[in-house]
There are 2 protein chains.
Amino acid sequence: MPTTPRPNYSATSLLDVAVRVFNERGYDGTSMGDLATALGITKSSIYHHVAGKEALLGLALDRALSALFAVLDEPASTTGRPRDRLEHVVRRSVAVLDAELPFVTLLLRVRGNTPTEQEALERRREFDRRVADLVARAVADGDLRADLDPALVTRLLFGTVNSLVEWYRPGRGSSAEEVADTLVEMTFRGLER
Amino acid sequence: MPTTPRPNYSATSLLDVAVRVFNERGYDGTSMGDLATALGITKSSIYHHVAGKEALLGLALDRALSALFAVLDEPASTTGRPRDRLEHVVRRSVAVLDAELPFVTLLLRVRGNTPTEQEALERRREFDRRVADLVARAVADGDLRADLDPALVTRLLFGTVNSLVEWYRPGRGSSAEEVADTLVEMTFRGLER
DNA sequence: GTCTATAAATTGATAGAC
DNA sequence: GTCTATCAATTTATAGAC
C-alpha cells in the first residue's frame, strides 16, 4: 500500500502511446483528438484514465527524471575517483536515454509553460548541479584539464549527451554502447590524431 | 528591384518579436492572440504584414538556414586541410548561433509538422551532409582518429554545438569565443589530463 | 471502459470601417 | 496600419447512456 501515487496499468499503457505522439507532433501541437486517434478510442475515454493532457505530461516527465536521478545514486556514481564517477554517469545517462528514449526526449523539450513543466525543469537543474560538482572535483583531483571552466565543460558534456535524442534510435545504426564509447572517447580523449 | 520576395521593414520588425515569443512558448503553444499581445497590436493587424503564423515561421527558419549555409561557403571552409576547415565551420557555427540565437533556436526545435517545417528539416540535413563529408576527409587525411565512426562523430560534434541554444545567452556568462574555444578544446583535444 | 452528444472557450483567419 | 466585429473550425473537457 504505497503512499506515492502510482499509475495503474491502463494509465501506463496510455502513456506509451501518448508520449510517442507528443514527440512526433510536439506536446502543444498534439490535441486530445490526435491522442484519441492514435489510441483508437475517443477523447472522452482518455479522461477515464487521466485527468487531462497535462497530467499525462507530468507522468511522462516523472518517469524520465526518476531514471536519470537513479543513475546518480548508483554505487559507481558515488564511489571512487570523481573522474571515473563522471564517466560512469555519462555512460549510464546514455543508457537511460536508450532505455527511456521517448520519455527523456519529451523531458528535454519542455520549456516551462506550465507548473508541471516548471517542476520538471527545476529537477533537471538539480541533476545538472550534481554533475557539475563531479566535474569540479575531477578537475581539483588533477584528472581533468584545469584550463577549461568546469561549469562550461559540464554544459558542453551533457549537451552532447542530450543531443542524442535528436537522432539516436534504438536498434537502428550504432548501439547505445557504441555511441557511449565514441562520445566518451571524443570528449575525454579528443578527436585529434 | 529584386525578384526574390523580401520582407519590408515592418514585417522584419514583427519577426523579431514573434520569434522571441515562439521560443518562449513554443511555436505550437503560441497563438496569434499571444503574438498580438506581445506586439501591442491586434490579431487582425498582424495579417496586414504577413500571410499568417506559418509564414512567420518560414521567414524565421530561412534566416537561420541562410546564416548557417553562408558559413559553408566562406573561403576558410572550402580551402586548406579538411581538419582545419572543420574547426572553422564549428567555430563559425557557434558565432552564427551567437548572432542569430533566436532564429537558430527556433530552427533546432522544428519537428516537421508542416511543409514549411519539412523544407527546413531537409535543408538542415543538407548542412549535416556537408559537415559529415568534411569529417570523413579529415579522417582520411590522418588528422582525425580513424578508430571513431565519422558519421557518428559528426552527429556528436554538431550535437554539442547545437546544444548551446539550451543555455547560451549573449552577454551573460561566457562569451561566444570562450564557448567556441572550450568546445573545440574538449572535442578535438579532450578533457583529460 | 468506451461511447454519443455537447458544452464553453480558444483558435487562425477575414471583412470592412477609420 | 490599425481597429471592431465576426466566423468557422478546433480545442479541452464534461454528462450521462450502455
Side-chain angles (χ1 to χ4, degrees), chain A residues 5-61 106 109-120, chain B residues 5-61 106 109-120:
Chain A
R6 296 276 184 134
N8 61 33
Y9 179 72
S10 297
T12 304
S13 62
L14 274 193
L15 197 56
D16 286 332
V17 177
V19 170
R20 198 196 71 226
V21 181
F22 285 160
N23 283 325
E24 283 169 2
R25 312 176 57 86
Y27 174 71
D28 285 308
T30 304
S31 71
M32 293 298 277
D34 292 330
L35 288 183
T37 301
L39 288 161
I41 59 179
T42 59
K43 284 193 293 177
S44 313
S45 299
I46 300 177
Y47 290 94
H48 180 77
H49 300 284
V50 288
K53 191 178 159 183
E54 195 173 350
L56 227 28
L57 178 65
L59 289 168
L61 299 181
L106 198 58
R109 290 184 186 159
V110 149
R111 307 257 58 92
N113 272 359
T114 64
T116 300
E117 299 186 22
Q118 283 159 20
E119 194 183 303
Chain B
R6 295 273 183 138
N8 60 35
Y9 178 73
S10 298
T12 304
S13 60
L14 274 193
L15 197 56
D16 286 332
V17 177
V19 170
R20 197 196 72 224
V21 181
F22 285 161
N23 282 325
E24 284 170 2
R25 312 176 57 86
Y27 173 71
D28 286 307
T30 303
S31 71
M32 293 299 278
D34 293 329
L35 288 184
T37 301
L39 288 162
I41 59 178
T42 59
K43 282 195 295 175
S44 313
S45 299
I46 300 176
Y47 290 94
H48 180 77
H49 300 284
V50 289
K53 190 178 159 183
E54 196 173 351
L56 226 29
L57 178 65
L59 288 169
L61 298 181
L106 197 58
R109 290 184 185 159
V110 149
R111 309 256 56 92
N113 273 359
T114 65
T116 299
E117 299 186 23
Q118 283 159 21
E119 194 183 301

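By convention in this document, chain letters (A, B, ...) are assigned in the order of the sequence lines, proteins followed by strands, and residues within each chain are numbered from 1. In this text, all values refer to a predicted model and were calculated from it rather than measured experimentally. Note: hydrogens, waters and symmetry copies are ignored here, and every other heavy atom, side chains too, is used.
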- Taking atom CD of E54(B) as the centre, does the number of heavy atoms from other residues, nucleotides or ligands within less than 6.0 Å exceed 12? yes
- Any side-chain N or O of H48(A) under 4.0 Å from OP1/OP2 of dG1(C)? yes
- Base versus backbone protein contacts along nucleotides 13-18 of chain C [heavy-atom cut-off under 4.0 Å; B, S, -]: BBB---
- Item | Separation of atom CG in L35(A) from atom C1' in dA13(D), rounded to whole Å | 14 Å
- Message: Do R111(A) and N23(B) make a side-chain contact, defined as non-hydrogen atoms from C-beta onward lying under 4.5 Å apart?
- Response: no
- Note: L14(A) and I41(A) closest approach over all heavy atoms is CD2-CD1, 4.4 Å
- Query: Do any side-chain nitrogens or oxygens of S45(B) fall under 4.0 Å of OP1 or OP2 in dG1(D)?
  - Reply: no
- Message: Between C1' on dT11(C) and CD1 on I46(B), what's the gap in Å once rounded to a whole number?
- Response: 13 Å
- With a 4.0 Å heavy-atom cut-off, tell me which residues in residues 24-31 of chain B come close to DNA chain C, sorted by residue number. T30(B), S31(B)
- Of all heavy-atom pairs linking L15(B) and L56(B), the shortest is CD1-O, 3.4 Å
- Query: Pick one: which of K53(B), K43(B), R25(B) meets salt bridge (Lys or Arg N to Asp or Glu O under 4.0 Å) with D34(B)?
  - Reply: R25(B)
- Message: Could you walk me through whether V110(A) and L61(A) satisfy the side chain to side chain contact (heavy atoms under 4.5 Å, CB included) test, starting with their C-alpha distance in whole Å, then the side-chain angles of each, then the deciding distance to 0.1 Å, before giving a yes or no?
- Response: CA-CA 9 Å; V110(A) 149; L61(A) 299 181; 3.7 Å; yes
- Query: Backbone N or O of N113(A) within a donor-acceptor pair of the E117(A) side chain at under 3.5 Å?
  - Reply: yes
- Message: When you compare the side chain of Y27(B) with that of D28(A), does any pair of heavy atoms fall below 4.5 Å?
- Response: no
